[in-house]
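Single-structure report; data block below.
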Amino acid sequence: MSVSLRQRLESDLPLLADGAMGTLLHSQGVPIDGCFDHYNVTQPDLIKGLHRAYLDAGAELIETNTFGANRLKLQEHGLEDQVVAINAAGVALVREAIRESGRQNAYAAGSVGPLGTGILPYGRLKVEDAHAIFAEQIMALVAAGADAIICETFTHIDELVIALEAARQVAAGVPVICEMTFTRDDRTISGHLPGAVARRLADAGADVIGVNCSGGPAQIVRVVRQMKDAVPDGRFSAMPNAGFPQTVGGRMMYPATTEYFGENALLLRAIGVSVIGGCCGTTPDHIQSMRAALDDPAHPTPALPRLVIRSPEEEADSAAAEMPSELYHKLHNGKFLFSVEMAPPRSHNLERLIDAATLLRDAGADVLDVADSPTARMRLSPWAACSVLQTRLGMETVLHFPVRGRNLLRVQGDLLGAHALGVRNLFVVMGDPTRIGDYPEAMDNYDIAPSGLIRLVKQRMNAGVDQAGNSIGQPTSFTVGCALNMGADDPDKEIDVLRKKIEAGADFALGQPVFEPARVERFLKRYEEIVGEPMRLPVMLGMMPLYSLRHARFIDNEIPGISIPPEILKRMESAGESAAQEGVRIAQELLSTLKDYVRGAYIIPAFGRYDLAAQVIDSVAVRS
């Protein structure tokens, strides 16, 4: 008697699925970087033979060899015009294998994998385009006679929901199995816990909620139990790898034995899993062992291991990122902003720094930039300074974050620490070389360039993962600034570097001081000529109130990238003892001239003269 797949899923007996396809193809000498899906057309007997092997082992649900047969993935091999042909052939081969096996109640599941590219807001692919690509493949599978759609090995829940919605639109009534994959800490790479995933998929209308790939059977048992605890009435699938892979003699080996898989099939049945199968590293032998265990009434069911369910507080870690910082919003509301750079003391006493910061706040500063070991000299940790200033004054800070002297491990740990302290704004720079500072023999190496760190923060940590793709729980919510020299002698080179920083995700730029307004105008004009549009990145232009003629000459002659025109040097010389006030007036005049070209001023006071910075902020011309 023929039983539909939907009826079979309602049975108390678990449905046994097949195992890995890629593992078997690779063992047959198929190159790992080839297009496995295309073998449905070019080597159909090979694919059908593997399906038949799983049927002979006792599998009831056979997945089509179409995991990567979507338009985007096939495009990598020049096969994007064969989406329908490859998927239809995949279903036909499963159907032929079932017919030749003589099995009455065996089913073809159309395999659908992720698209392999980021979807907005974490990539460039539009949601509607992703939906259309999934719909095209799913329609081809169902038209060819697939009994179900299995969306498997998804790492991002949002993408899996898009695939599910596409299936519902073009294949109404066809059962859809949705399987996520998890990292070793039982989270998705975007930080979601199993319970949260199960609830999201249940709400989206998945017929079967599941987990595949990930680790070995022990982890899958743990994950699916958490899923079932979150959605008690749901149907679930579990298809583990044959353990964590190991490289032995240049080959990827999976350690889990067939007997171990048989025992875990019984555990999964005891939990109430409806569909049981295998993923990477599993073979027909593993499926045969599971079949034997499930069919043996005398086989004792192993005791379920103790389950630890994450608390609601822990699950909150996987929530969406917090809202962007106040600075981010101010940068985009049209207000001219003032930021002042402050250097932490060479002491643990912060009272003088707090007094100076209070003066700047009262003068109208919007944010305080806290430098990290300026000129490579030892000072108090800028994390501590930022945290104390934010707590005591109730205003945001920008943490200067040099990459020099930090390896990738420390970089990420420091970023998480800064976020935990409430710091949300970063200024990513290379940093000063240690050879010019207190400890010239100190380590000066770095693992990542500024543009790379901007990308790490904006595209990884702000998405909930570290550089390696491991979950960090709740995503960070950093606003990230980059360095810019609008007075560069080689603007084309500066623009090339800036474009990389913008592409990496920079939210704003802090500019090096410029004493010649014409240089800023030329830079912006050249940017528009090269890029084809005006520069939209908000810039807070560096302003350095000159303190004396000696100070001005030092800046002009010894600080790379800054040039002071003769007329300004002459004014500083003529000012005599009033040079500091003349320096304030020059800064105010520059701001008045340049205020329409930039979004704010980044004031860098010399010698700790924060009172002079406060006078610059008081510039009536700029405020008006």
Side-chain angles (χ1 to χ4, degrees), residues 339-341 343 369 371-377 398 400-405 427-437 444 446 449-451 453-454 480-502 504 506 508-527 530-531 535 537-569 572 583 586-587 589-591 593-594 597-607 613 616:
S339 171
V340 182
E341 180 174 305
D369 287 79
D372 186 333
S373 305
T375 64
R377 280 165 169 73
V398 177
H400 287 213
F401 201 99
V403 298
R404 194 187 298 272
F427 174 47
V428 174
V429 290
M430 177 60 73
D432 296 318
T434 57
R435 66 177 181 274
I436 69 172
D444 205 22
Y446 56 91
S451 59
L453 180 53
I454 294 170
V480 183
C482 64
L484 173 64
N485 184 6
M486 299 176 80
D489 291 332
D490 186 352
D492 287 20
K493 181 178 179 182
E494 187 71 15
I495 290 168
D496 181 60
V497 173
L498 177 62
R499 293 179 71 182
K500 293 177 182 177
K501 294 174 181 177
I502 294 174
F508 67 98
L510 295 183
Q512 193 153 299
V514 177
F515 290 88
E516 300 169 276
R519 284 180 175 258
V520 174
E521 296 177 26
R522 284 197 300 267
F523 181 90
L524 293 173
K525 181 179 179 181
R526 183 59 179 155
Y527 182 94
I530 292 175
V531 179
M535 191 170 81
L537 183 73
V539 177
M540 300 182 74
L541 184 62
M543 288 287 156
M544 183 179 289
L546 299 173
Y547 184 72
S548 64
L549 176 61
R550 182 178 180 181
H551 176 229
R553 284 175 173 166
F554 173 80
I555 296 297
D556 186 41
N557 289 281
E558 299 194 35
I559 302 299
I562 302 180
S563 174
I564 300 179
E567 57 268 26
I568 289 182
L569 293 174
M572 293 299 294
I586 291 169
E589 292 167 8
L590 288 169
L591 279 176
T593 302
L594 293 169
Y597 295 97
V598 294
R599 202 66 56 85
Y602 164 45
I603 304 173
I604 310 168
F607 313 117
V616 175

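Counting begins at 1 with the first residue of the sequence. Worth saying up front: this structure is predicted, and the values here are computed from it rather than measured.
- With a 4.5 Å cut-off on side-chain heavy atoms, Leu498 and Glu494 do not count as touching.
- In terms of heavy atoms, Pro491 sits closest to Ala488 at CD-O, 3.7 Å.
- To the nearest 0.5 Å, atoms OG (Ser563) and CD1 (Ile555) are separated by 12.0 Å.
- One distance of note links CG of Leu590 with CD1 of Ile568; it measures 5.5 Å at 0.5 Å rounding.
- In this structure, Met572 and Arg553 have side chains that are not in contact, with every pair of non-hydrogen atoms separated by 4.5 Å or more.
- Contact of the Tyr597 side chain with the Val539 side chain is not registered, since no non-hydrogen atoms from C-beta on lie closer than 4.5 Å.
- The side-chain heavy atoms of Glu341 and Ile603, taken from C-beta on, include no pair separated by under 4.5 Å.
- Here the closest heavy-atom approach between residue Gly487 and residue Arg519 is recorded as O-NH1, 2.6 Å.
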Checking side chain to side chain contact (heavy atoms under 4.5 Å, CB included) for the pair Phe401/Asp372: CA distance, chi angles, key distance, verdict? CA-CA 7 Å; Phe401 201 99; Asp372 186 333; over 6 Å; no
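- With contacts defined as side-chain heavy-atom distances shorter than 4.5 Å, the pair Met540/Leu484 does not qualify.
- For the atom pair OG1 (Thr593) and CD (Glu589), the distance works out to 7.5 Å, reported to the nearest 0.5 Å.
- Two residues are said to be in side-chain contact when any heavy atoms from C-beta on lie closer than 4.5 Å; Arg499 and Ile530 meet this criterion.
- Heavy atoms of other residues, nucleotides or ligands lying less than 6.0 angstrom from OH of Tyr547 number 12 at most.
- One distance of note links CD of Gln512 with OH of Tyr602; it measures 9.5 Å at 0.5 Å rounding.
- Across Asn485 and Gly561, no two heavy atoms sit closer than the pair ND2-O, 3.4 Å.
- Taking the side chain as every heavy atom from C-beta outward, Val428 and Cys482 never approach each other to under 4.5 Å.
- Taken to the nearest 0.5 Å, the CZ atom of Phe523 stands 9.5 Å off from the CG atom of Asp492.
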Please evaluate residues Leu546 and Ile564 with respect to the criterion side chain to side chain contact (heavy atoms under 4.5 Å, CB included), reporting the C-alpha separation (whole Å), side-chain torsions for both, the decisive distance (0.1 Å), and the verdict. CA-CA 10 Å; Leu546 299 173; Ile564 300 179; 4.0 Å; yes
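- Distance check, rounded to the nearest 0.5 Å: CE of Met486 to CD of Glu521 gives 10.0 Å.
- Contact between Pro565 and Phe515 at its shortest, heavy atoms only, is CD-CB, 3.8 Å.
- The shortest non-hydrogen separation linking Ser451 to Ala504 is O-CB, 3.4 Å.
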